[in-house]
Amino acid sequence: MKNRIIAAIVSLLPAAYAGAQNPIIQTKFTADPAPMVYHDTVYLYTSHDEDNAPVGYGGFRMKDWLCYTSTDMVNWTDHGAIASLHNFRWADKAVSGWGGFDNGAWAPQVIERDGKFYLYCPLQGRGIGVLVADNPLGPFVDPLGRPLIDGDHDSIDPTVFIDGDGQAYLYWGNPNLWYVRLNKDMISYSGEMIKDSSIAKVKGQKDPFHYQEGPWAYKRNGHYYMAYASTCCPEGIGYAISESPAGPWEFRGYIMKPNGQSSGNHPGIIDYKGRSYVFGFNYQLNYKLTSEHHERRSVCVAEFQYNPDGTIPELPWWGEEGVRPAGRLDAFVTVQAETMAWGWGVRTVRDSMTGGMYVTGIDNGDYIKLRGADFGSGAGYFGARVAALSGGVIEVRMDSVSGRLAGTCRVKKGRKREWAMAGAGLTSVMGVHDLFLVFRGKAGDLFDFDWWKMERAGKVR
Ligand code: FUB
């Protein structure tokens with residue numbers, strides 16, 4: 001059955017949304033972005049607000065952590081949940097109203113060291129745990145069987161970085177910023193947990209930092225940066241610079257001023273393919289659906305350029321236009337259906353039998369947009385792996401949802417999970433275009449969609 005939340009959002013969004021890029025994920029509510037560049041790919045880890053988060057501020061409902069990847073910053077592939085509260089045996093420990101496997105999967109971050117991937121996860125009220133994997137997409141396991149950081153030290157929102165001398169640091173905290181020096185194994189630490197005194201609020205004194213939570217630590221051109229969610233509420237993104245990973249930190253301004261449209265924010269900052277990006281979130285999809293506040297957030301991204309002295313310019317609030325492509329999408333390789341720049345009305349789910357992701361909840365008029373698809377000197381055929389339900393068609397359109405129709409792929413009525421190929425010849429598809437796969441049919445739940453691929457014009461089939 002169609003996901004009612006997403007369906008409702010779709011019916012409320014104006015047609016102009018076909019050109020939007022922010023928020024970057026439309027098929028789920030995502031928050032607390034933690035991007036990691038590994039080899040040529042951006043791995044974007046996020047927390048996950050459940051659709052049924054209750055009305056009201058602070059009404060979080062969060063069970064697992066998600067991952068999306070991109071090589072062009074505009075088309076994102078959904079890898080689903082890569083870990084959940086069930087990865088931690090101690091998640092059921094009840095502390096101050098939290099506990100259990102159903103809530104408290106807050107802001108994560110992943111870092112690679114010596115070919116292993118360390119996922120630091122706050123379990124609200126219970127402390128910060130660490131999971132380890134051989135692959136950035138998991139499977140992740142808990143090597144400790146207990147929290148790395150206990151629940152008594154403002155223990156949420158971990159951020160991790162490894163300095164040039166190999167010393168790793170884990171920072172975290174709301175309302176104070178804390179840190180420890182991690183050992184080389186990344187799952188233990190040496191020395192005391194230290195509460196940073198430069199950012200700390202001192203009663204009766206001015207607080208230029210307005211530090212709240214969500215720290216994001218990194219080093220660039222010899223400067224140590226600490227970005228964070230600042231002021232409350234609403235939260236903006238502030239940042240501080242230091243000449244040492246242990247501080248003292250100096251407040252350098254806002255990357256983004258707070259905005260009444262969003263009570264929260266949470267930075268994640270990377271350089272990728274020579275450009276700099278800040279991620280955060282807004283409540284745009286929630287507010288398209290209802291005027292009531294639910295903790296249902298959506299990750300956004302903006303591009304920026306550092307000033308010559310290393311400071312960061314103040315950016316406007318998240319715009320709908322998002323960022324320009326940092327690469328092209330090769331239309332002649334297998335593209336997972338859950339790769340998209342914008343998904344209109346569809347959902348992504350994991351196939352319990354194969355473990356792979358696919359697109360479902362496809363109704364008449366829904367579509368998937370891909371930005372900057374490269375058809376080279378010409379594509380002559382579109383093939384799609386589908387499992388038909390009531391059946392329908394995939395219209396292959398260029399540049400807009402009502403743009404030139406290059407081909408129509410018929411998907412015959414069939415049975416759930418009976419995956420088969422469908423295809424269509426294409427006319428005059430060459431060069432670089434935004435590609436729109438528009439779904440049409442009479443009934444609801446037309447078909448499920450696994451992947452697609454184009455073949456070059458002139459290729460004998
Ligand atoms: O997502 C749950 C909490 O909300 C995070 O841990 C905070 O940073 C805030 O975004």
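Count residues from 1 along the sequence. Order of listing sets the numbers, starting from 1, for every ligand and every atom in it.
Residues of the protein with a heavy atom under 4.0 Å from ligand 1 are Asp32, Phe60, Met62, Trp106, Ala107, Asp157, Glu213, His266, Phe281, Arg297, listed by chain and number.
Within the structure, the ring-ring contact (aromatic ring centres under 6.0 Å, His included) test picks out the following pairs touching residues 116-145 (sequence neighbours left out): Tyr38-Phe117. Pairs engaging residues 73-93 under the salt bridge (Lys or Arg N to Asp or Glu O under 4.0 Å) rule: Lys28-Asp78 [sequence neighbours left out].
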Subject >> Trace of the ring pair (Phe, Tyr, Trp, His ring centres under 6.0 Å) decision for Tyr358 with Trp419 >> reply: CA-CA 11 Å; Tyr358 64 91; Trp419 294 103; 5.3 Å; yes
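For Tyr218 and Phe161, the distance between ring centers is not under 6.0 angstrom.
Looking at residues two or more places apart in sequence or on another chain, you find a side chain to side chain contact (heavy atoms under 4.5 Å, CB included) between Ser230 and His210, Tyr228, Tyr254.
Using modelled atom types, one side-chain atom of Gln26 and one backbone atom of Ile24 make a donor-acceptor pair closer than 3.5 Å.
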